[in-house]
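Naming: A, B, ... by sequence-line order, numbering from 1 per chain. In this text the structure is predicted, and so the values were computed from the model without any measurement.
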Number of protein chains: 2
Amino acid sequence: MNPVVKQTVERCRMAGLRRTKALEELIATLLEHDRPMTLAELASSKRLAEQCDKATVFRLLQRLAGHGIIRRLGLHERAAYFTLLVPGKHSDYLICTSCGSIEAIQAPCPVHQLEEEIRVKTGFRNLYHELEFFGVCPKCARGERAG
Amino acid sequence: MNPVVKQTVERCRMAGLRRTKALEELIATLLEHDRPMTLAELASSKRLAEQCDKATVFRLLQRLAGHGIIRRLGLHERAAYFTLLVPGKHSDYLICTSCGSIEAIQAPCPVHQLEEEIRVKTGFRNLYHELEFFGVCPKCARGERAG
DNA sequence: GTAATTGCAAATACTTTGCCACGTA
DNA sequence: TACGTGGCAAAGTATTTGCAATTAC
């Protein structure tokens, strides 16, 4: 099993969750796609479609989000997106408003200092941020895909 | 009439939209609240509740977003949020995950340079970003409001 | 006069829950 | 054994659309 999957399942165990097949497949699926995914995408993905019901995936996502193992994101679509939180790793995203493609941005995030200032000035706890860039990708701009 | 409302309605007219009472009230409502609002909030706000149907507000929001007068935001809630785009003004937001309060952040946005790099490297068109900070506000942390 | 806009009601889309069966610890 | 989990189906919430009537230009 992929070491990050193993490590994440271990975090789930620490948090008091039971080690089920569905849990492992969900984490593996999120990890191998390496981008935020919707409930519908997850529930119909190869690993999970055969494994369990959509309601189960939903409840798993809820539990994992509650324990800080995954995070729920907005991203403008009607459906919510979920992304695996790997300790020490932070991602911002670049999203095409035409075809809906989503990719993680590699560049170092320029927001940490502002985040620190906000933490100090406002007294907010458990502060984190989300940064997304939206635009029309070159393919869509060329008309290769309709939007 | 508030000059920003007037100016924004004028932009709508330029874009080919008709000047209706509902349009003016919608823009005035968004402006006076000065924070992103949901369709439900807007449709039930004092100015709009008496003015028109929720479907009308929905379609107005759609049209305005299509013409770049307002923008649709994610913000983690199930409902979509909408914010007025005033030329030359950019806001990032600080959101309490416990009570749901939303406030605009005054500090200059630290993302412009990265945005420029992304524009150049990826060839994305019409690029813009959204930056939100989430956390638990001091009131909620003190237990004044349940979460 | 003509096309955009609106209201009402019905249809969708996505999420969330109830209840009882099942599996992990 | 006990309690977290899972399946199925039904309910809930927010969005989106059809169509005939109305209104801005």
Audit row: B:Leu17, B:Val9, side chain to side chain contact (heavy atoms under 4.5 Å, CB included) steps and yes/no: CA-CA 9 Å; B:Leu17 303 186; B:Val9 172; over 6 Å; no

Given atom CG of B:Leu60 and atom C1' of D:dA24, what is their separation to the nearest angstrom? 14 Å

Within the 4.0 Å heavy-atom criterion, would you say B:Leu23 contacts the bases, only the backbone, or no part of the nucleic acid? nothing

Between D:dT5 atom P and A:Arg19 atom CZ, what is the distance in whole Å? 13 Å

Using heavy atoms to find the nearest nucleotide of DNA chain D for B:Leu17 and A:Ala22 separately, return the residue whose nucleotide is more 5′. A:Ala22

Linked, directly or transitively: A:Leu60 and A:Leu39 (ILVMFWY side chains, under 4.5 Å): yes

Assign B:Ala40 to base, sugar-phosphate, or nothing according to its heavy-atom contacts below 4.0 angstrom with the strands shown. nothing

Check: A:Pro138 and B:Phe124 side chains under 4.5 Å, non-hydrogen atoms: yes

Using five base pairs at each end, measure the axis-to-axis angle across the helix from C:dG1-D:dC25 to C:dA25-D:dT1 and round it to 10 degrees. 50°

Which is more 5' along DNA chain D, the nucleotide nearest B:Thr20 or the one nearest B:Phe58? Just name the residue. B:Phe58

Taking C-beta and beyond as the side chain, do A:Leu85 and A:Ile70 meet within less than 4.5 Å on heavy atoms? no

Residue pairs meeting side chain to side chain donor-acceptor pair (under 3.5 Å), one or both in residues 68-91 of chain A, sequence neighbours left out, come to A:Asp34-A:Lys89, A:His76-B:Glu130, A:Thr83-A:Tyr93, A:His90-A:Asp92, A:His90-A:His129

Identify the residue among B:Ile95, B:Ile102, B:Leu94 that makes a side-chain contact (heavy atoms from CB on, under 4.5 Å) with B:Glu132. B:Ile95

Sequence neighbours excluded, every pair satisfying salt bridge (charged side-chain N to carboxylate O under 4.0 Å, His left out) that has a member inside residues 46-69 of chain A: A:Glu25-A:Arg47, A:Glu32-A:Arg47

Derivation and outcome, side chain to side chain contact (heavy atoms under 4.5 Å, CB included), residues B:Leu48 and B:Leu26: CA-CA 7 Å; B:Leu48 285 164; B:Leu26 173 58; 3.8 Å; yes

Spacing of A:Arg18 atom CZ relative to D:dA2 atom P, expressed in whole Å: 13 Å

Apply side chain to side chain contact (heavy atoms under 4.5 Å, CB included) to B:Leu114 and A:Phe133, showing your working. CA-CA 10 Å; B:Leu114 176 56; A:Phe133 294 87; 3.9 Å; yes

Using nucleotides 7-11 of chain D, report all nitrogen or oxygen pairs with the protein that are shorter than 3.5 Å.
{"residue": "D:dG7", "atom": "OP1", "partner": "A:Gln51", "partner atom": "O", "Å": "3.4"}
{"residue": "D:dG7", "atom": "OP2", "partner": "A:Asp53", "partner atom": "N", "Å": "2.9"}
{"residue": "D:dG7", "atom": "OP2", "partner": "A:Thr56", "partner atom": "OG1", "Å": "2.2"}
{"residue": "D:dG7", "atom": "N7", "partner": "A:Arg59", "partner atom": "NH2", "Å": "3.1"}
{"residue": "D:dG7", "atom": "O6", "partner": "A:Arg59", "partner atom": "NH1", "Å": "3.4"}
{"residue": "D:dG7", "atom": "O6", "partner": "A:Arg59", "partner atom": "NH2", "Å": "2.9"}
{"residue": "D:dC8", "atom": "N4", "partner": "A:Arg59", "partner atom": "NH2", "Å": "3.4"}

Passes side chain to side chain contact (heavy atoms under 4.5 Å, CB included), A:Thr29 versus A:Met37? Steps please. CA-CA 9 Å; A:Thr29 304; A:Met37 297 176 74; 4.3 Å; yes

Is the shortest heavy-atom distance from the side chain of B:Cys137 to the side chain of A:Thr122 under 4.5 Å? no

Should we say atom CZ of A:Arg125 is surrounded by more than 12 heavy atoms from elsewhere, each under 6.0 Å from it? no

Selection: residues 72-85 of chain A, any non-hydrogen atom under 4.0 Å of DNA chain C: A:Arg72, A:Arg78, A:Ala79, A:Ala80

5' to 3' contact window, DNA chain C with chain B (heavy-atom distance under 4.0 Å): C:dA3 to C:dT16

Could you tell me whether B:Arg19 and B:Glu10 make a salt bridge, using a distance below 4.0 angstrom between a side-chain N and a carboxylate O? yes

